[in-house]
> 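Before I ask anything, here is the structure I am working with.
Letters go in sequence order (proteins before strands), and every chain restarts at 1.
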Amino acid sequence: MNFSEKKIAEGISLITVKTNQFKTNEIAVNLAVPLKKETAGVNALLINLLSRKSKQFPSMALLNKKLAFLYGATVSADVTKLGECQMLKLGISCLDDRFALDSESISFECIKLLFSLISQPRLDENGDFFQEDIDTEKRILIEKIQAENNEKRTYVLRQAEKLMFENEAYSINRYGDIEDINAITKEQCRQAYENLLSQAKILVTVVGNTDIEKAAEYIGDVFKNRERNYSPLPEAEFVPFCDKVKEKMERIDVKQGKLVLGFRVNLKPNDKLTPAMRSFCDIFGGGPYSKLFANVREKLSLCYYCSARYTKLKSYIMIQSGCNEENMDKAVNEILNQLEAIKSGDFDEEFNSSKIAINDILLSVNDAPELIEAWYANQIINDEIKTPEQSAKENEAVTKEQIIECAKLLTLDTVYKLSSPEEVK
Amino acid sequence: MKEINSQILGEKYYEIKHSSGLKIFVMPKENYSSTYAIFGTKYGSIDTRFKRSDKKEWTVVPEGIAHFLEHKLFESEDLDAFARYAKTGASANAYTSFDKTCYLFQCSDNFEESLEILLDFVTHPYFTPKTVEKEQGIIGQEITMYYDVAGWMSTFNLLKCLYKNHPVRIDIAGTVESIAQITDKLLYDCYDTFYNLNNMCLAVVGNVTPEQVTEMCDKMLKKAPDLKIERSFEEEPRDIVKSFEEYHLSMDMPVFSFGYKEECKKPEQDLKKVVETNILLEILAGDTSDLYNQLFEEGLINASFSKEYFTGFGYEAVIFEGESENPQLVSERIKNAVKEMKKNGIDNEKFEIARRSLYGKEIMEYNDISNIANGLIAAEFNGWSSLFDALEIYKTVTKEDIENCLADMMDEKYSALSVVKEK
């Protein structure tokens, strides 16, 4: 597996991973911009619109037909939150050329197709996006937000984030909010499209067996004559700790309660201690060997699930659990007890397990093209790109003392509870 | 040891009938650093009525017992399986479906130790009345959790509309009432029947050799007594139970499942029928079809729309699922599209495009070691001769095959719609 990184223009780089291990090639364009209330919705809308049709393929049916003909290639659009940045991805996944029945080049066709979707959208005679296309995407985006709310695990997590990060950019939904989406105009779309191509930090990833040189040359040409007005992305607002715990109980019609705890983590994203924080979080509430799984779930049966997740770029840890109302206070206490246990150094066995488990997961990244792609894309806002092997080495070097130090950097910020209305019970 | 090759893929795997009775599949994958192993029994939630070849009478057990057994097997008298895996670094899991129960792990180091754990805990059950009682509480919680999951409720309500007697209509985990009847004795009865190695299969894919696997099996597995298992269900009528069901949850966007119950002429479907039906559904409702594109443009469906040929022992259905503000209208449009296709036949270009697309997608499945291993197990339990056969069928199938397939399927008399939405 041959990794290489190349700068194409100011704020645009190309990462290629050449390998014949897979049956597919994965090519993606990732665009990162600051997460803002006024642009989150229109950006998310645009990336979906670009994935659906283009000047060359003016209807979804025509584009899908072309993709089917290219042996079931798939175009996908995705929106994620990276710290206080919004990352928009437009990618294509296609069969490698060696499987083509008529020895055509599937992958180069797909690369050209992907970039034509981005640089030649379907526009009217005034250079605007069509109102009908914008309206379709408004509906799709709003339905996505609603579908997320259908899933109560995600719903309660989003609610907890809104409360915890109330006055911070991080509270903005990655898809924007429904009201703003409904109000999006043609002019906003055009402006947002131009801004994305001129201002976003762009990372193109190519994973597979395709002719990397040829791909790199083509991608370089696409961006060569584009006017760029790039400025580095802002760092997320850093809130090192919390003075007063925020608590909320929300009551809606659910059969099983949910409990979310948010902790501030006094550690900046570029700190040397972040690999230790990842280990700490894994020991606390990662795998089945973790403190929360073994005690809160298995031993005390307080929750059906209970796990912790560290978000390095925004310096916080969230704990999610499925928990009935009568057990919620007990569960909160027990979660805090387990944090104290780690502070006191009681985690040797969990540490051993976590160390090999994290290593195992990092080294498995190289066995799936979509994981490789995501691994590098998620580093788009970092100055320095790490390979999974480098991260595994950092994991190896984490010490017990560092974990204890990390445990002391947490303060509880938010407790969010979801349960059924009292009259139902 | 038999070697099975695919020229198209440039892949091969080994099929081994082990002296213990276990069927083993090993597919070494060059350049992969991790290995995925899965140990499964042909025993799922639908196996609530069975007869062993060494006994005269039929045994009937409570619903949800296969899933309950899966949970319990992770326990032993001392260290549970998760605690043991924690020492090797493997990520382990298990699942129960309608027709199988599988235990699996993935690792990039300490493969042999992890395989030893897998083979050991699955072949050494340990239940007591006390541990059974504790599990009833935990699984009760799990069952309750799914009552809040809209997609799950929608699917199972559809199956309840379509099936009167077949246990496919029951939640895989059973109900709080049915699992209350489970005892340690019943668990041992089911275990002794279905966890006989002759009814099981092991598939390992990735950074591995067949010798590594057979040596560990030689060490860990004893010869299992010869046993045959007969399955039987109460007779399932051709008619459906009812054509509509609605369930309410606190939610913003309605979800639906619409399905046709098919006439199950034989208990298990062959691979050709599965491939043909997949092509048929791709032409009818895939993302190049008129139906899909019109529904999408009109705002009736979004990208969550899916179609599935849903089949297993004694059941066969075609199911469409998605999110929509107007599920009734979507189901009417599907019915019309089916009728039109039956009347007008299948367009040749559409057939070729669907076939080409699915052929490519089938090859793409071989990127993923977990897909391959799960595919090997499914192929074995379904009685298909080789995992690679699907690719050959895609190459040789004709438009007429698909038209014949369509002629017997999707009769709207046997269709039903299930909707989950806000009250």
> When the aromatic ring centroids of F105(B) and Y85(B) are compared, is their separation below 6.0 Å?
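Ring-ring flag for F105(B)/Y85(B): true, centres closer than 6.0 Å.
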> By a 4.5 Å heavy-atom criterion (distance strictly below it), what part of Q141(B) contacts chain A: side chain, backbone, both, or neither?
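Answer is both: backbone and side chain atoms of Q141(B) are under 4.5 Å from chain A.
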> Write down the atom of Y305(A), the atom of R297(A), and the distance for their closest heavy-atom approach.
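Shortest heavy-atom contact: CA-CD, 4.4 Å.
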> Considering only heavy atoms, which portion of F296(B) lies under 4.5 Å from any heavy atom of chain A: side chain, backbone, both, or neither?
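Its backbone and side chain both get close to chain A.
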> Of the backbone (N, CA, C, O) and the side chain (C-beta and beyond), which part of K65(A) lies under 4.5 Å from a heavy atom of chain B, both, or neither?
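Both parts, heavy atoms under 4.5 Å.
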> Can you say whether V420(B) sits under 4.5 Å from chain A via the side chain, the backbone, both, or neither, judging by heavy atoms?
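Contact with chain A is absent: no heavy atom of V420(B) under 4.5 Å.
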> Most heavy-atom pairs under 4.5 angstrom with chain A, which of C107(B), S289(B), A92(B), A150(B)?
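When all of C107(B), S289(B), A92(B), A150(B) are compared, C107(B) has the most.
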> Select one option (side chain, backbone, both, neither) describing which atoms of K134(B) are under 4.5 Å from chain A's heavy atoms.
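Only the side chain of K134(B) comes within 4.5 Å of chain A.
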> Using distance alone, with no hydrogens and no angle criterion, decide if S114(B) and T88(B) have a side-chain donor and acceptor under 3.5 Å apart.
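Short answer, yes.
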> Can you tell me which portion of Q106(B) sits under 4.5 Å from chain A's heavy atoms? Options are side chain, backbone, both or neither.
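For Q106(B), heavy atoms of backbone and side chain both lie under 4.5 Å from chain A.
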> Select one option (side chain, backbone, both, neither) describing which atoms of S33(B) are under 4.5 Å from chain A's heavy atoms.
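Looking at S33(B), backbone and side chain both touch chain A.
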> Are the side chain of E282(B) and the backbone of R355(B) linked by a donor-acceptor contact shorter than 3.5 Å?
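No.
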> What part of I301(B) gets closer than 4.5 Å to chain A, counting heavy atoms only: side chain, backbone, both or neither?
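Answer is backbone: N, CA, C or O of I301(B) sit under 4.5 Å from chain A.
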> At a heavy-atom separation under 4.5 Å, does D96(A) approach chain B through its side chain, its backbone, both, or neither?
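Neither; nothing under 4.5 Å.
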> Checking heavy atoms, do the side chain of Y359(B), its backbone, both or neither come under 4.5 Å from chain A?
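Just its side chain gets close to chain A.
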> Looking at R84(B) and E113(B), is there a salt bridge between them, counting it only when a charged N and a carboxylate O are closer than 4.0 Å?
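Not counted as a salt bridge, because no side-chain N and carboxylate O are separated by less than 4.0 Å.
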> Heavy-atom distance under 4.5 Å to chain B: side chain of E143(A), backbone, both or neither?
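The answer is both parts of E143(A).
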> Which bit of E11(B) comes within less than 4.5 Å of chain A, counting heavy atoms only: side chain, backbone, both or neither?
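Side chain only.
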> Is L95(A) close to chain B through its backbone or its side chain, or both, or neither, when contacts mean heavy atoms under 4.5 Å?
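It is both, since atoms from each part get that close.
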> Could you tell me which portion of C303(A) (side chain, backbone, both or neither) has an atom closer than 4.5 angstrom to a non-hydrogen atom of chain B?
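C303(A) has no heavy atom closer than 4.5 Å to chain B.
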> Please determine whether a side-chain nitrogen of the Lys or Arg among E104(A) and R356(B) lies less than 4.0 Å from a carboxylate oxygen of the Asp or Glu.
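R356(B) and E104(A): salt-bridged.
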> Under a plain distance cut-off of 3.5 Å, with no hydrogens placed, do E365(B) and N371(B) share a side-chain donor-acceptor pair?
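Short answer, yes.
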> With a 3.5 Å cut-off and no angle check, do the side chains of D360(A) and S108(B) form a donor-acceptor pair?
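Short answer, yes.
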> Checking N374(B) against Y36(B): is there a side-chain donor and acceptor pair closer than 3.5 Å?
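On atom types as modelled, these side chains qualify, holding a pair under 3.5 Å.
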> Given that the side chain runs from C-beta out, which part of F82(B) has a heavy atom under 4.5 Å from chain A: side chain, backbone, both or neither?
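It is the side chain, since no backbone atom gets that close.
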> Using non-hydrogen atoms only, which part of E349(B) is less than 4.5 Å away from chain A: side chain, backbone, both, or neither?
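Interface part for E349(B): side chain.
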> Report yes or no: is the cationic atom of K66(A) (NZ for Lys, CZ for Arg) closer than 6.0 Å to the six-membered ring centre of F69(A), at no more than 45° off its axis?
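No, K66(A) and F69(A) do not form such a contact.
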